[in-house]
Amino acid sequence: MQMEKHLKVSAIKNGTVLDHIPAEQLFKVIDILGLSCISNQITFGTNLDSKLLGKKAIIKISDRYFESDEINRIALIAPQAKINIIQNFKVVEKRVLSIPSSIKGIAKCMNPVCVTNHQPIETLFTTITDENELKLLCHYCEKITDKENLKIISNN
Amino acid sequence: MSRNLISIQDFSKEEILEVLKMAAGFEKNPSQPIFRDKVVASIFFEPSTRTRLSFETAANRLGARVIGFSDAGNTSVTKGETIKDTIKMVSNYADLIVMRHPLEGSARYASEISPVPVINAGDGSNQHPSQTLLDLYSIQKTQGRLDNLFINMVGDLKYGRTVHSLLQAMSHFNPTFLFTAPEELKLPNEYKEYLRKRNIRFEETRNLSDGICQSDILYMTRVQRERFTDAIEYERVKNVYSLNNSMLDGAKPNMKILHPLPRVNEIALDVDNSDHAYYFDQAKNGVYTRMAIITKLFS
């Protein structure tokens, strides 16, 4: 018997597909990329079965392409995400994320007495990979924010 | 060359040695009014005795005039003025800003806004680099060198900003460290990792009498009551980490006791008359070191 194969999230003609996003990070990815503020057509699915992640999410954005600097920002929360560039329903380019050396204005410093949590200042971190775990060193208070304490600043 | 002094890590080994050399020159001749045309702003959003007074003395001895405040309660900060606006305004009036603020990272932020040099006089429990430089000056002056010394740091090694900065600065000079602290106030792992990466030897102990005989420098810090969740544990620990004169019997003749001050229980008054006591001279060295820092940033 032939298995029926169909897409859970319909294909787009042109644009960008972000695949292999951990399901629980979907809305943070939407937030970081500011997707709720753009007028392009966006479809997404979440809690889809994934061998790699258990449950994954996928986002398809029509007629929108991202610069590397822009898309690499999601490496913080979805390091295994795959980026497919679609033209005329075909994947014309596959990209993997690389962790940027610095992160500006996306994450919140976990130190409650850091100046960035009290004054109108954009946060700035240097990324450190320590024992395969990504950590953020605050440019201002010099304290480390680890993945467990990572909070994303909303773009809305 | 650094334009500001925000974190001790902003200064290279050479820059640190240059400041110490200049400080020695100012100690020989403390009145050198070379900056008569300069105005130094001393803005303290948090209480301070030694740091503020020694910075202001240093600026006065260099001939500069000093403006500022020692209590943010009398300023527009109470009306909700941001750090940015305060710094923008103060930098219109002064040629250099000395700032203490309770928020960590505030000095780095101020230095990015200010067109004139900024000196961090303490930002919360983060950094206090001028204290570190005066500690280094005191160590060099009493030991005749900075290299290959045995340094015993005692007390609150978890939260003490002077401990962390001194440890980083001394790492240029191949020290051996002994960290003497109760379990609750042990040196955080990130600093131990920092030392391991640089192949710097260190040991840890909970017993104050363990390392006194080997030490060249006994760096005492205050064990603060508010750091303990258990009041009984504080009462037990505060006496364990109290140094008295009888404990100094086996100490090396060159051993000196340093303390960033203020002290409470951790050094008994009978130590004050010992040849090993150096903490008040250390505070005096703060003026020469701060004259050197101001001069370096003006040059």
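Scope of the values below: all heavy atoms of this structure, side chains included, with no hydrogens, waters or symmetry mates. Letters A, B, ... are given to chains in the order of the sequence lines, protein chains preceding strands, and every chain is numbered from 1.
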Worksheet entry | Sequence neighbours excluded, every pair satisfying salt bridge (charged side-chain N to carboxylate O under 4.0 Å, His left out) that has a member inside residues 40-68 of chain A |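 Applying salt bridge (charged side-chain N to carboxylate O under 4.0 Å, His left out) to every pair that reaches into residues 40-68 of chain A, excluding sequence neighbours, yields Asp19(A)-Lys56(A), Asp49(A)-Lys55(A), Arg64(A)-Glu70(A).
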Worksheet item: Can you name the side chain to side chain donor-acceptor pair (under 3.5 Å) partners of Asn72(A), sequence neighbours left out?
Response: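 Per chain and number, Asn72(A) pairs via side chain to side chain donor-acceptor pair (under 3.5 Å) with Ser98(A).
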Counting distance alone, with no hydrogens or angles, which donor-acceptor pairs between chain A and chain B are under 3.5 Å?
residue: Asn111(A); atom: ND2; partner: Glu104(B); partner atom: OE1; Å: 2.7
residue: Val113(A); atom: O; partner: Glu104(B); partner atom: N; Å: 2.9
residue: Val115(A); atom: N; partner: Glu104(B); partner atom: O; Å: 2.8
residue: Gln119(A); atom: OE1; partner: Ile83(B); partner atom: N; Å: 2.8
residue: His139(A); atom: NE2; partner: Glu112(B); partner atom: OE2; Å: 2.4
residue: Tyr140(A); atom: OH; partner: Glu112(B); partner atom: OE1; Å: 2.8
residue: Glu142(A); atom: OE1; partner: Gln127(B); partner atom: NE2; Å: 3.4
residue: Lys143(A); atom: NZ; partner: Glu104(B); partner atom: OE1; Å: 3.3

Practice prompt. Under the side-chain contact (heavy atoms from CB on, under 4.5 Å) rule, collect the residues that match up with Ala57(A), sequence neighbours excluded.
Written response: Ile21(A), Leu26(A), Thr46(A)
